[in-house]
Amino acid sequence: MKNKGDIFEVEITDIGNDGEGIGKIDGYTLFIKDAVIGDVVKAKIMKAKKNYAYAHLEEVVKRSEHRVEARCPIARQCGGCQFQNMSYERELLYKQNKVRNNIVRLGGFDADFVDSVMKPIIGMDDPWEYRNKAQFPVGRDKEGKVVTGFYAGRTHSIIPTTTCHIGVKENEEIMEIVRSHMEENKIAPYDEVSGKGLVRHVLIRKGFTSGEIMVCFVINYRAGKKDNANSEYIKGQKNLIEKLLKVKGMSSISVSINTEKTNVIMGLEIHTIYGKDTIRDTLCGLEFEISPLSFFQVNPIQTKKLYEQAIEYADLSGKETVWDLYCGIGTITLSMAKAAGRVYGIEVIPEAIEDAKRNAERNGIGNAEFYCGKAEEVLPEFYEKKRKTTVGGDDGSSLHPDVIVVDPPRKGCDEKCLETMLKMAPERIVYVSCDSATLARDLRILSDGGYNIAAIRPCDMFPWTVHVETIVLLSRV
Ligand code: SAH
């Protein structure tokens with residue numbers, strides 16, 4: 001065991017789950033944030049355990065060939081990106097290996113077999129300015145000046161900045177307008193401790209294909225009964241709107257009412273104070289409307305590539321019945337609708353299902369149906385119903401899935417859901433995953449249940465972060 005305060009020189013030989021550098025001294029492991037694989041560093045032990053320790057990067061003694069200058073000056077404090085000081089090529093390799101190793105180790109699959117079905121990760125040509133959504137907290141600095149920026153990793157203190165290189169250029173202009181308007185009009189930012197002050201967060205969204213921009217102010221104020229519908233939520237509101245309209249593409253300005261003492265950013269009550277309630281964006285040739293509250297994938301460029309890969313794996317000829325579980329606002333479901341016979345989507349959030357139905361209508365898609373509920377409950381109900389109709393004479397074939405697509409949250413699929421999928425016995429399963437550890441666990445179950453892994457394709461939706469998406473094609477043995 002090593003002791004707190006000890007300083008070691010160590011070579012970084014691996015990358016940890018949170019993106020930290022890993023080095024070893026006589027079999028004792030050091031986890032060192034911001035150290036890059038290939039670096040030789042001096043690191044000071046901060047917290048020591050029997051077999052490993054967390055250490056602070058004191059000095060880079062020898063720079064790794066993979067080390068680059070972070071584009072954001074605050075990348076280290078911000079914590080939103082973990083890999084800004086490592087080359088993008090090396091990051092992609094890390095992500096490819098992470099998916100592969102999880103499937104081998106946690107899924108218990110043969111390494112040679114996994115290597116034979118792994119496809120190269122889909123990276124970004126230009127991995128910057130990819131996020132279509134940003135949420136800036138608003139607060140005060142030590143001198144009492146209004147600041148906007150990002151929370152320092154795992155804290156609630158704001159690092160002042162109006163720029164974020166993974167966000168769109170317009171963010172900077174908008175946040176500078178908001179900050180100076182608040183200073184000039186003496187508008188108080190929300191204070192988490194006292195629960196006083198007005199402006200909590202500023203949400204900015206952009207439709208990449210439409211160019212439309214939305215700004216939503218999350219405020220700690222609810223208009224009283226006496227206020228009329230045109231009430232000013234923000235002092236000098238008309239003036240603020242005028243300034244924001246100078247930003248190219250500005251289409252929707254709104255406020256979200258959040259008077260609760262909570263970490264939840266958005267309040268559910270939204271009032272549009274300028275323009276439309278929603279902005280538009282297109283994805284895989286379909287048009288979607290996005291409100292301040294609706295879910296929409298944050299990297300539209302990679303989402304298109306991810307969906308195209310999922311569609312290719314679904315291998316549709318126009319006749320198939322497709323079930324899309326965990327469908328969100330139906331983006332995958334609808335992208336597959338044109339190429340399939342019938343598509344069904346299941347999603348647990350009622351508002352998302354409402355959006356999905358509207359999206360189907362807006363795009364003139366008549367062969368899609370959406371059901372609200374948990375996949376592990378709705379799917380078994382349909383399976384039972386189909387069995388009954390089969391017994392009753394009707395062959396129930398329109399409900400039999402040829403393809404099942406799943407895109408679950410990080411915790412993966414519920415066991416009951418996987419079990420039902422196996423009983424329904426589709427020809428192909430396309431598994432879209434944002435967590436390769438739970439993916440590996442679920443692949444084991446599907447594989448034991450009679451499915452072969454035909455292809456594994458990682459996709460980088462979040463450059464400079466540790467997160468990686470994966471698309472897996474399984475076919476029935
Ligand atoms: N496929 C969509 C959304 C994927 S995110 C897209 O690409 O945009 C995962 C979705 O699963 C979320 O919308 C979440 O609300 C939903 N979800 C979470 N648990 C669920 C469950 N048990 N049953 C159905 N949907 C669930």
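As the structure lists them, so they are numbered: ligands from 1, and atoms in each ligand from 1.
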Is atom NZ of Lys276 surrounded by more than 12 heavy atoms (other residues, nucleotides or ligands) closer than 6.0 Å?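 Yes, NZ of Lys276 has more than 12 neighbouring heavy atoms, counting only those of other groups under 6.0 Å.
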Taking distance alone, no hydrogens or angles, what donor-acceptor pairs closer than 3.5 Å link side-chain atoms of residues 409-419 to residues at least two apart or in another chain?
{"residue": "Asp414", "atom": "OD1", "partner": "Lys416", "partner atom": "N", "Å": "2.9"}

Under a heavy-atom criterion of less than 4.0 Å, does [X] contact ligand 1?
X	value
Phe296	no
Ala352	no
Gly330	no

Ring pair (Phe, Tyr, Trp, His ring centres under 6.0 Å), paired with Trp464, selected from Tyr130, Tyr88, Phe83, Tyr94: Tyr88
Report the relative orientation of the aromatic rings in Phe150 and Phe136; use parallel for angles under 30°, tilted for 30 to 60°, perpendicular for over 60°. tilted
Take the angle between the ring planes of Phe109 and Phe113 and call it parallel below 30°, perpendicular above 60°, tilted in between. tilted
May I have all residue pairs that pass ring pair (Phe, Tyr, Trp, His ring centres under 6.0 Å) and include part of residues 406-434, sequence neighbours excluded? none
Given that the side chain starts at C-beta and the backbone is N, CA, C, O, which of these parts of Thr331 lies under 4.0 Å from ligand 1, counting heavy atoms, or is it both or neither? side chain
Look at [atom] and say which protein heavy atom is nearest, naming residue and atom and giving the distance to 0.1 Å.
atom	answer
atom 26 (C) of ligand 1	Tyr326 CD2, 3.4 Å
atom 10 (C) of ligand 1	Glu347 OE1, 3.5 Å
atom 1 (N) of ligand 1	Asp407 OD2, 2.9 Å
atom 25 (N) of ligand 1	Val348 N, 3.3 Å
atom 22 (N) of ligand 1	Glu376 OE1, 3.1 Å

On the six-membered ring of Phe296, is Arg205 placed so that its NZ or CZ lies under 6.0 angstrom from the centre and within 45° of the ring axis? no
Just which atoms of ligand 1 are under 4.0 Å from any heavy atom in [X]?
X	answer
Tyr307	6 (C), 7 (O), 8 (O)
Gly373	23 (N), 24 (C)
Ile349	15 (O)
Pro409	11 (O), 18 (C), 19 (N)

Validation row, ring centre Tyr233 to ring centre His271 under 6.0 Å: yes
Are Trp323 and Tyr344 close enough that their ring centers fall under 6.0 Å? yes
Using distance alone, determine whether Ala375 and ligand 1 share an N or O pair under 3.5 Å.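 Yes, there is a polar N/O contact under 3.5 Å.
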